[in-house]
Amino acid sequence: MKITDARVIVCCPGRNFVTLKIETEDGVTGLGDATLNGRELAVVSYLEDHVLPCLIGRDARCIEDTWQYLYRGAYWRRGPVTMAAISAVDVALWDIKAKCAGMPLYQLLGGRSRGGALVYGHANGRTLDEALAAVAQFKAEGFRAIRVQCGLPDIEKVYGVANGDGPYEPAKKGLPPEEQWSTPDYLRFVPQVFAKVRAEFGNGPLLLHDVHHRLSPNEAARLGQDLEPYRLFWMEDPTPAENQAGFRLIRQRTTTPLAVGEIFNTVWDCKQLIEEQLIDYIRATILHAGGVTHMRTIAALAGLHQVRTGMHGATDLSPVTLGAQVHFDTWVPNFGIQELMLHEPVTGEVFSCDYRFEDGYLVTGDKPGHGVEIDEAKAADYPYEPAYLPVNRLTDGTLWDW
Ligand code: KDG
Ligand code: MG
């Protein structure tokens, strides 16, 4: 079954998405997501200039061989641009294979392991009162697990907190905006936030928090200890993870569970973290870590070491990724949780999905494939708009991790 056409669709229904559509000689099509927030066009070029010419004429059924061809065959392995491109091809081919088999993707992977994927939503507020109101809202909507982010009293813009009344969205149109950071203020304030959330909502909701790579291992250990009374589901990205051994310092000193990996591209980024059981949840995604094919490798290694999945699901992962991930979550034996940051309604004008939110879970439908389709004519109504993630500075102006 030869691949006869492959094209990249770039659109901005609410935010930028890069979508790959592959067509086969018998008319079956598959979709993959190649969105790399703030660096979208680099992946477009990688696909259009270097990958797509090699795909035409290949057998769409040979998913593993195509993965190896694009990974080993590039010589320049790994990295977010390469792996997002490989992922898009891989997911599109799994979509095609499942459609040809007449099965939803989770059946092809090994079948249902659970009714639905437990998801967590994003409650945030500029003030503690706003954050508490947001938690109440998520609870009322049926979320069982809630990530809580709150503005700091003396800092103007903080990660994870919406500026106005709309939902939080990390990418901003135009050049990178600048945000501020103060580690001492943060370390003092966050435990107060969770004390208040537990006092108000009790022990029922599963609570999560994203540190977003900003602390040293020692500071992260301090925060983990201070949060222990509030029994978090996880503390995410406490420190930048390039130095995997650094997590030993955190792990030895706190029982607060750790989740890491949304920016990882391959199993090599998390091998030590998993093998030494330095984390509890691996957040690598189908989108940025090489598709369904490579996420199976990561999840299998994680499963050997009691690490569970907790895949990234921010708005910069398109509905195509979320659709594929819900199938993966439905099957994978060592599933933990799935992030769910809802796309704007306008995104739904371009992408149609076969998953739904039900009582705190994401549930897949039974359409063959991953169940997500794109309306290309509608996509053309929303052209690409340059946007960047913010950069972060300490209050004295020093550039910091965002
Ligand atoms: O593109 C960056 C976002 O995806 C990231 O900031 C979101 O950290 C994030 C999360 O946990 O969703
Ligand atoms: Mg995160």
Side-chain angles (χ1 to χ4, degrees), residues 118 120 122-124 128 131 135 145-153 155 158-161 181-264 269-284 302 305-312 334 336-337 339 392 394 400-402:
L118 175 71
Y120 69 91
H122 280 213
N124 67 83
L128 188 42
V135 174
I146 303 171
R147 183 183 104 155
V148 186
Q149 307 292 134
C150 185
L152 298 177
I155 300 284
V158 170
Y159 165 75
V161 178
W181 183 246
S182 160
T183 297
D185 288 0
Y186 173 77
L187 288 179
R188 258 194 310 273
F189 192 62
V190 172
Q192 296 172 37
V193 172
F194 282 91
K196 204 67 207 263
V197 173
R198 278 290 180 226
E200 199 128 318
F201 299 98
N203 290 327
L206 303 171
L207 299 178
L208 301 86
H209 180 68
D210 191 348
V211 181
H212 222 258
H213 326 267
R214 287 153 193 228
L215 302 177
S216 70
N218 186 44
E219 291 160 348
R222 153 65 50 219
L223 182 61
Q225 285 175 7
D226 289 349
L227 292 175
E228 279 172 20
Y230 314 115
R231 299 291 171 104
L232 262 57
F233 186 90
W234 79 34
M235 174 168 83
E236 175 181 335
D237 286 333
T239 193
E242 287 96 328
N243 175 16
Q244 297 182 38
F247 277 77
R248 292 180 186 143
L249 296 172
I250 311 174
R251 193 63 162 173
Q252 282 153 10
R253 290 157 62 197
T254 180
T255 54
T256 294
L258 302 175
V260 179
E262 67 185 37
I263 63 170
F264 291 171
D269 295 328
C270 45
K271 185 171 174 289
Q272 185 178 7
L273 289 173
I274 291 173
E275 286 177 345
E276 291 189 31
Q277 296 185 279
L278 300 177
I279 57 173
D280 300 277
Y281 297 93
I282 179 67
R283 281 180 51 67
H305 299 278
Q306 289 158 297
V307 174
R308 295 196 282 155
T309 63
M311 286 197 276
H312 189 202
N334 50 323
I337 201 165
E339 181 178 14
N392 206 19
L394 300 183
W400 202 246
D401 303 286
W402 181 79

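Just the heavy atoms: all of them, side chains too, but no hydrogens, waters or symmetry mates, feed the values below.
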- The salt bridge (Lys or Arg N to Asp or Glu O under 4.0 Å) partners of Glu228 (sequence neighbours excluded) come to none
- Message: What I'd like to find out is whether the side chain of Arg214 reaches to under 4.5 Å of the side chain of Asn392, using heavy atoms alone.
- Response: yes
- Message: Are Glu242 and His213 packed together at the side-chain level, in the sense that at least one heavy-atom pair is separated by less than 4.5 angstrom?
- Response: no
- Give a yes or no on whether a salt bridge exists between Arg283 and Glu339, defined as a side-chain N under 4.0 angstrom from a carboxylate O. yes
- Note on the structure: Taking every heavy atom of Val190 against every heavy atom of Leu227, the minimum-distance pair comes out as CG1-CD2, 4.2 Å
- Atom NE2 of His305 and atom CD1 of Ile282: how far apart are they, to the nearest 0.5 Å? 12.0 Å
- Task: Could you pull out the closest heavy-atom pair between Phe247 and Pro240, with the gap in Å?
- Result: CE1-O, 4.2 Å
- Message: Can you tell me how far apart CG (Leu232) and CZ (Phe194) are? Round to the nearest 0.5 Å.
- Response: 5.0 Å
- Item | Distance (rounded to the nearest 0.5 Å) between Leu118 CG and Leu206 CG | 6.5 Å
- Is the count of non-hydrogen atoms from other residues, nucleotides or ligands lying under 6.0 Å from Arg222 atom CZ greater than 12? no
- Message: Which residue is it: Ile155, Val158, Val211? I am looking for the one with a side-chain contact (heavy atoms from CB on, under 4.5 Å) to Tyr186.
- Response: Val211
- Note on the structure: Tightest non-hydrogen contact, residues Ala221 and Thr254, listed as O-CB, 4.2 Å
- Are any of the side-chain heavy atoms of Arg308 and Asp280 separated by less than 4.5 Å? no
- Query: Heavy-atom distance under 4.5 Å between the side chains of Leu187 and Leu215, does that happen here?
  - Reply: yes
- Query: Taking side chain as C-beta onward, heavy atoms only, is Arg253 less than 4.5 Å from Asn218?
  - Reply: yes
- Task: Mind running side chain to side chain contact (heavy atoms under 4.5 Å, CB included) on Phe201 and Val135 for me, showing each step along the way?
- Result: CA-CA 9 Å; Phe201 299 98; Val135 174; 3.6 Å; yes
- Can you list the residues that meet the salt bridge (Lys or Arg N to Asp or Glu O under 4.0 Å) rule with Arg147, with sequence neighbours excluded? Asp210
- Query: CD/Glu262 to CD/Glu236 distance, rounded to the nearest 0.5 angstrom?
  - Reply: 5.0 Å
- Can you name the nearest heavy-atom pair linking Gly261 to Asp237, along with the distance? N-OD1, 3.7 Å
- Query: Closest approach of Tyr281 and Pro257, non-hydrogen atoms and distance?
  - Reply: CE1-CB, 4.3 Å
- Atom of Leu278, atom of Gln272 and distance for their closest heavy-atom approach: CD1-O, 4.2 Å
- Query: Can you find a heavy atom in the side chain of Leu273 that is under 4.5 Å from one in the side chain of Val307?
  - Reply: no
- So CG of Asp269 and CD of Gln244: to nearest 0.5 Å the spacing works out to 7.0 Å
- Query: Is the count of non-hydrogen atoms from other residues, nucleotides or ligands lying under 6.0 Å from Gln306 atom CD greater than 12?
  - Reply: no
- Query: Would you find a donor on one side and an acceptor on the other, under 3.5 Å apart, between the side chain of His209 and the backbone of Val148?
  - Reply: yes
- Item | Note, Gln149 side chain near His122 side chain (heavy atom, < 4.5 Å) | no
- Item | Close side-chain approach of Leu258 and Pro238, heavy atoms under 4.5 Å | yes
- Message: Taking CH2 in Trp400 as the centre, count heavy atoms belonging to other residues, nucleotides or ligands within less than 6.0 Å. Is the count above 12?
- Response: no
- Message: According to salt bridge (Lys or Arg N to Asp or Glu O under 4.0 Å), who are the partners of Arg188, at least two apart in sequence or on a separate chain?
- Response: Asp185
- First locate atom CD1 of Ile146, then atom CZ of Phe233, and finally report the distance between them rounded to the nearest 0.5 Å. 13.0 Å
